[in-house]
Amino acid sequence: MTTEPAARTATGRGLTTGTLVAGLLAVCLAQIGLAIPATLNGLFQSDLRPVGSQLTWISDAFLLPVAVLELTFGLLGDLFGRKRLLVGGASLLAVGELVSATASGIHQLWAGQALAGLGAAALFPTSLAILAAGTTSPAQRARVIAMWAALLSTGGFLAPLLGGITATYGSWRWSFVVVTAIAAASAAVSALFAVNSSAPGGRSLDVAGQLTIGLGLFSLLYAIIQGPTDGWASPSIVIAFVLAAVFLAAFVLAEKRAKSPLLRLDLFRNRAFAVASVVAVVGMFAFLGTAYAVSIRLGPVQDQAPMRTALAFVLLNGITLVMLPLTERLLTTAAPGLLLGAGLLLIAAGDYWAATLPITDSTFTSLILPLGLVGLGFAITVSSITATAVNTVPVHLAGMASATTNLLRDFGFTLGPAVIGAVALSRAANNFSNSLHDSALPAALKGAGTAVLEEGGPLAVNGASTASPKLADLHPLALDALGHGYSIGFIVCGSAALLSALLALITLHSRTIPHADPTER
């Protein structure tokens, strides 16, 4: 979600009320669309019966277009007009959510979420750019950016409540229907009331950069997500990793040669910015990996009610909204690097605590404190990531630094479900297989358990053993294996947050904002 300064509206009318409402509604919509599937994983598992890594792909089908395309959509808005992208992005998100609501199988749900993700990729950068373009002073721009961030947080807060309520009193499909209606309203408000703006001067599309980074990231995520299902040494996974390396190397070469690069690689020559970028990726991976592990623990594994999952996500996301005034004040009085380190330490503490909770403990009170720590840490971290990165580069590169950091942050979000799903399911499958082999269960039941494991993975065994009395004796083994697997997932997230915190505290402790080098152009 780029915060690069934009030109004023072409009409010179400044920021109108219609444009303000349209931009704020658009970013809230995009965040609702991004956050809502995680609250419904348990219902997806019981209704659509995904096997292996198919459940992970539901979240990443939405996240991948956002991570890969938001910089390009920001550029398209600059070139061809931001109002068009607001209307088009909301319309595409509406279509994607409608496709998801009518899904008869997992593949249609993937397609719907991918379409919705494309729409969100247009809305995130364009909503902020069209608001910033209408401001007439730095103070007004600061207020508008704060309002945009508040509506982003509001979307993250509303999504789990919407998912929990509609799923409890209707169906998971109604969650997508409601988002479709919000998207249609957003498109209408933008079409009727938003004032168009653009900033085409000196901008051009970086086709080679977009193609190579898109193919590279998709190949990487495919290998990570499918590794536990296909086997890490299988030809498809090895080829995917090789393709990821080739395309990402090609992306670096393309950016070095591009006249208007998608990503300015020279920013990474600044050691502090490079460190801040690593922290952004790894720290956000830790947070969304935690959120994904929580959604699987409460949903497909423990089969708890959707509202219970929704309340967990309110803890993870809602604190950001409540803390917003305080975090904004802290950013003006404390070093952003120090805040970033502190926030990541809180995430690490919450994750390590969550890892100690036995999978047989289904009480919500056990989760309140660990998830509260993660949510508090995220509130501090997400508010300071961009400020930390921007403060490590010369002033004239602040806009590009912010946009680059947002790209890396969203890539970290995308990695969360992919990596934690892969780690947890791999460990759970190994543990279940070993426990089944060492158990005193009848040979026929062992054979049935092995067959279900090979066909659908440990989540499928857990679901089948709950539903079928004939397989009931497999349930304790499956539950224990999944509990251990996702505890490892929490530990991985906590360790990633801890390492990022130490890196931030050691290298990003300065309050000083660098000044532009007068020799630079």
Side-chain angles (χ1 to χ4, degrees), residues 29-66 89-123 155 158-187 218 221-222 225-226 229 291-292 295-296 298-301 303-307 309-310 313 414 417-418 421 425 455-457 459-460 462-464 467:
L29 162 68
Q31 187 64 20
I32 289 173
L34 184 152
I36 204 165
T39 65
L40 305 172
N41 276 325
L43 298 178
F44 295 149
Q45 181 69 38
S46 61
D47 193 4
L48 300 177
R49 302 292 182 185
V51 297
S53 59
Q54 289 182 338
L55 193 62
T56 305
W57 276 114
I58 297 173
S59 294
D60 272 332
F62 191 107
L63 288 165
L64 184 59
V66 173
S91 300
L92 188 58
L93 196 149
V95 172
E97 299 292 49
L98 190 59
V99 170
S100 299
T102 58
S104 57
I106 196 70
H107 296 91
Q108 184 177 337
L109 185 56
W110 289 347
Q113 287 302 286
L115 286 172
L118 282 172
L123 293 178
L158 290 177
L161 293 178
L162 172 62
I165 292 171
T166 54
T168 298
Y169 299 104
S171 162
W172 60 264
R173 300 178 187 276
W174 282 105
S175 301
F176 294 125
V177 171
V178 173
V179 181
T180 300
I182 298 172
S186 178
F218 177 79
L221 288 171
Y222 177 86
I225 294 173
Q226 289 298 125
T229 300
Y292 182 74
S295 74
I296 300 300
L298 295 179
V301 177
D303 195 26
Q304 297 207 42
M307 277 305 299
T309 305
F313 274 78
T414 308
L425 290 177
E455 176 66 24
L459 285 174
N462 187 67

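One-based numbering along the sequence shown.
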Which atom pairs, donor and acceptor, lie under 3.5 Å between side-chain atoms of residues 176-186 and protein residues at least two apart or in another chain?
{"residue": "Thr180", "atom": "OG1", "partner": "Leu98", "partner atom": "N", "Å": "3.4"}
{"residue": "Thr180", "atom": "OG1", "partner": "Phe176", "partner atom": "O", "Å": "2.8"}

Can you give the donor-acceptor pairs under 3.5 Å from side chains of residues 40-49 to other protein atoms, not counting sequence neighbours?
{"residue": "Asn41", "atom": "ND2", "partner": "Ser295", "partner atom": "OG", "Å": "2.9"}
{"residue": "Gln45", "atom": "NE2", "partner": "Pro50", "partner atom": "O", "Å": "3.4"}
{"residue": "Ser46", "atom": "OG", "partner": "Gly42", "partner atom": "O", "Å": "3.3"}
{"residue": "Ser46", "atom": "OG", "partner": "Leu43", "partner atom": "O", "Å": "3.2"}
{"residue": "Asp47", "atom": "OD2", "partner": "Trp172", "partner atom": "NE1", "Å": "2.8"}
{"residue": "Arg49", "atom": "NE", "partner": "Ser46", "partner atom": "O", "Å": "3.4"}

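Phe218 pairs by the ring-ring contact (aromatic ring centres under 6.0 Å, His included) definition with nothing, not counting sequence neighbours. For Ala35, the side chain to side chain contact (heavy atoms under 4.5 Å, CB included) criterion is met by Ala159, not counting sequence neighbours. Taking Thr309 as the reference, nothing meets the side-chain hydrogen bond (donor to acceptor under 3.5 Å, both in side chains) condition, with sequence neighbours excluded. Thr39 is linked by a side-chain hydrogen bond (donor to acceptor under 3.5 Å, both in side chains) to nothing, counting only residues two or more places apart in sequence or in another chain.
Looking at Phe62 and Trp57, their side chains never come closer than 4.5 Å, going by heavy atoms from C-beta outward.
Contact between Thr102 and Arg173 at its shortest, heavy atoms only, is C-NH1, 3.6 Å. Glu97 and Gly33 get closest at one heavy-atom pair: OE2-CA, 3.9 Å. Heavy-atom minimum distance, Trp110 versus Ala61: O-CB, 3.7 Å. Closest approach of Pro300 to Leu55, counting heavy atoms only: CG-CD2, 3.8 Å. Heavy-atom minimum distance, Ile225 versus Ala418: CG1-CB, 3.5 Å. Shown here for Pro306 and Thr168, the closest heavy-atom pair between the two residues is CB-OG1, 4.1 Å.
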Before you tell me yes or no, could you show the steps for Thr414 and Val66 under side chain to side chain contact (heavy atoms under 4.5 Å, CB included), namely the whole-Å CA-CA distance, both residues' side-chain angles and the distance that decides it to 0.1 Å? CA-CA 9 Å; Thr414 308; Val66 173; over 6 Å; no
Stepwise, does the side chain to side chain contact (heavy atoms under 4.5 Å, CB included) test hold for Leu109 with Val99? CA-CA 7 Å; Leu109 185 56; Val99 170; over 6 Å; no
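Rounded to the nearest 0.5 angstrom, Met307 CE and Tyr169 OH are separated by 7.0 Å. Ile296 contributes atom CD1, which lies 6.0 Å from atom CG of Leu459 (distance to the nearest 0.5 angstrom). Of the inter-residue distances, the one linking Gln54 atom CD with Gln226 atom CD reads 8.0 Å to the nearest 0.5 angstrom. Residue Ile32 holds its CD1 atom at 10.0 Å from CG of Leu93, rounded to the nearest 0.5 Å. Atom CG of residue Leu118 and atom CG of residue Leu64 lie 9.5 Å apart, to the nearest 0.5 angstrom. The CG atom of Leu123 lies 6.0 Å from the CG atom of Leu29; values are rounded to the nearest 0.5 Å.
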